[in-house]
2 protein chains.
Amino acid sequence: MNIGDASRLSGVTAKMIRYYEAVGLIPVPLRGANDYRHYRPHDIHWLRFIRRARDLGFSLEQTRQLITLWQDHERSSAEVKRIATDHVAELNDKICQMAAMRETLVELAENCQGDHRPECPILRDLADDEMTATSRVS
Amino acid sequence: MNIGDASRLSGVTAKMIRYYEAVGLIPVPLRGANDYRHYRPHDIHWLRFIRRARDLGFSLEQTRQLITLWQDHERSSAEVKRIATDHVAELNDKICQMAAMRETLVELAENCQGDHRPECPILRDLADDEMTATSRVS
DNA sequence: CTTGACCTTCCCACTGCAGTAAGGTCTACC
DNA sequence: GGTAGACCTTACTGCAGTGGGAAGGTCAAG
């Protein structure tokens, strides 16, 4: 299998497969006489693992750790769980921040006529020097 | 006022003030004989506007548009509102994606013993070729 | 033998900053 | 006058994760 086939089967672009190889996230593949990378079913499995982890929002570094644990049959599930729950906490933080932004913006937008006139509470809030108009995010 | 004072008063680092100037987000300031940038209260106001927009999660590009509208006294509030509601939609999308990741991870983590043993449903899900174990995100 | 679909490496762009290096300048104190 | 240190200047590097493209080698079908 060449990189194109591996890409189609794993859902990871050829570009990213090369990148993951460069940063040591996947093992260096064998090369044919033409210097083409050569992949086997096991490598596809590996790539799908990465793709799934990335889909769940794990960073490449977290993904790297998960791969290491995956490969280590002596691992403790506690280590895996810690990475996962840490990531859940990160997600929670980000979600809360974005939700707060959203609430503020929704409130501002609700008070904006959204017509041809220049008067706009959104701009008024942004331009406001004082900490008054709306409860401030962050 | 030098850049340090502007930074303290606006809450934008000197680094970022120079950056915003370089990318045309703020007007080029006057310079003193020593080549130091010179800021006036009006510029602080400008910087605070940017900071507030950034705190609400607007991209620099969106911020640039908001500034343009802010400066334009002939603007229609509809344009401002459109940028804001577009951004709310972006926030919503991201929040939904992250919330979905979170749900999946919480579910997987709940089923993980988190002990010294290697058996782990999280890794099993990540390594799973089929679309079975848990409802897939994205 | 040509066409086009592959593959290769390498370099650049993006966002929104942070850091660092090498230098000039101002202020205060001795 | 000298010196310390707090400030300013430009310019370059890096980060995460890609996407894009150039310039070239390779392979299979027609």
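The structure presented is a predicted model; accordingly, all values stated were derived computationally and were not measured. Lettering of chains follows the sequences in order, A, B, ..., and the numbering in each one begins at 1.
- Note: CD1 (Ile17(A)) to C1' (dC6(C)) measures 14 Å, nearest angstrom.
- Rounded to whole Å, the distance from CZ on Phe58(A) to P on dA16(D) is 18 Å.
- Lys81(B) places a side-chain heavy atom less than 4.5 Å from the side chain of Cys112(A).
- Remark: Arg37(A) is not in phosphate contact with dC7(C), judged by side-chain N or O atoms under 4.0 Å from OP1 or OP2.
- Using a 4.0 Å heavy-atom criterion, one finds that Arg18(B) contacts the bases of the nucleic acid, with or without backbone contacts as well.
- Listed nucleotides: dC17(C), dT8(C), dC7(D). Nearest to the side chain of Met16(B): dC17(C).
- Between the CD1 atom of Ile3(A) and the C1' atom of dT8(C) there is a distance of 10 Å, given to the nearest Å.
- For Tyr19(A) and dC10(C), the OH to P distance is 16 Å, given to the nearest whole Å.
- Contact annotation: Ser59(A) side-chain N/O to dA16(D) OP1/OP2 distance is not under 4.0 Å.
- Aromatic ring pairs are classed by plane angle as parallel below 30°, tilted from 30° to 60° and perpendicular above 60°; the pair His87(A) and Phe58(A) is tilted.
- Atom CG of Asn2(B) is separated from atom P of dT25(C) by 14 Å (rounded to the nearest Å).
- At dA16(D), none of the side-chain N or O atoms of Arg64(A) fall inside 4.0 Å of OP1 or OP2 (strictly under the cut-off).
- The side chain of Tyr36(B) lies closest to dC8(D) when the candidates are dT9(C), dC8(D), dT26(D).
- Proximity of Arg54(A) to the phosphate of dA16(D): no side-chain N or O atom is located under 4.0 Å from OP1 or OP2.
- Counting only heavy atoms from C-beta on, Lys15(B) has its side chain closest to dA11(D) among dG16(C), dA11(D), dT9(C).
- The side chain of Thr13(B) places an N or O atom within less than 4.0 Å of a non-bridging phosphate oxygen (OP1 or OP2) of dA18(C).
- Side-chain N/O atoms of Tyr20(A) include one lying less than 4.0 angstrom from OP1 or OP2 on dT18(D).
- Across the interface with DNA chain C, nearest-nucleotide mapping of Gly4(A) and Asn34(B) shows Gly4(A) to be the residue nearer the 5′ end.
- Ion pair Arg82(B)/Glu79(B) not flagged as a salt bridge, since none of the NZ, NE, NH1 or NH2 atoms sits closer than 4.0 Å to an Asp/Glu carboxylate oxygen.
- The CD atom of Glu21(B) sits 15 Å away from the C1' atom of dA11(D) (whole-angstrom rounding).
- Nucleotide dC17(C) holds its P atom 13 Å from the CG atom of Leu47(B), rounded to whole Å.
- The CZ atom of Arg8(B) sits 7 Å away from the P atom of dC8(D) (whole-angstrom rounding).
- Electrostatic pairing of Arg52(B) and Asp55(B) does not count as a salt bridge here, judged by no charged N lying under 4.0 Å from a carboxylate O.
- Rounding to the nearest 0.5 angstrom, the gap separating the CZ atom in Arg18(A) from the CD1 atom in Ile26(A) is 10.5 Å.
- Contact check, Arg31(A) against dT9(C): a side-chain N or O comes under 4.0 Å of OP1 or OP2.
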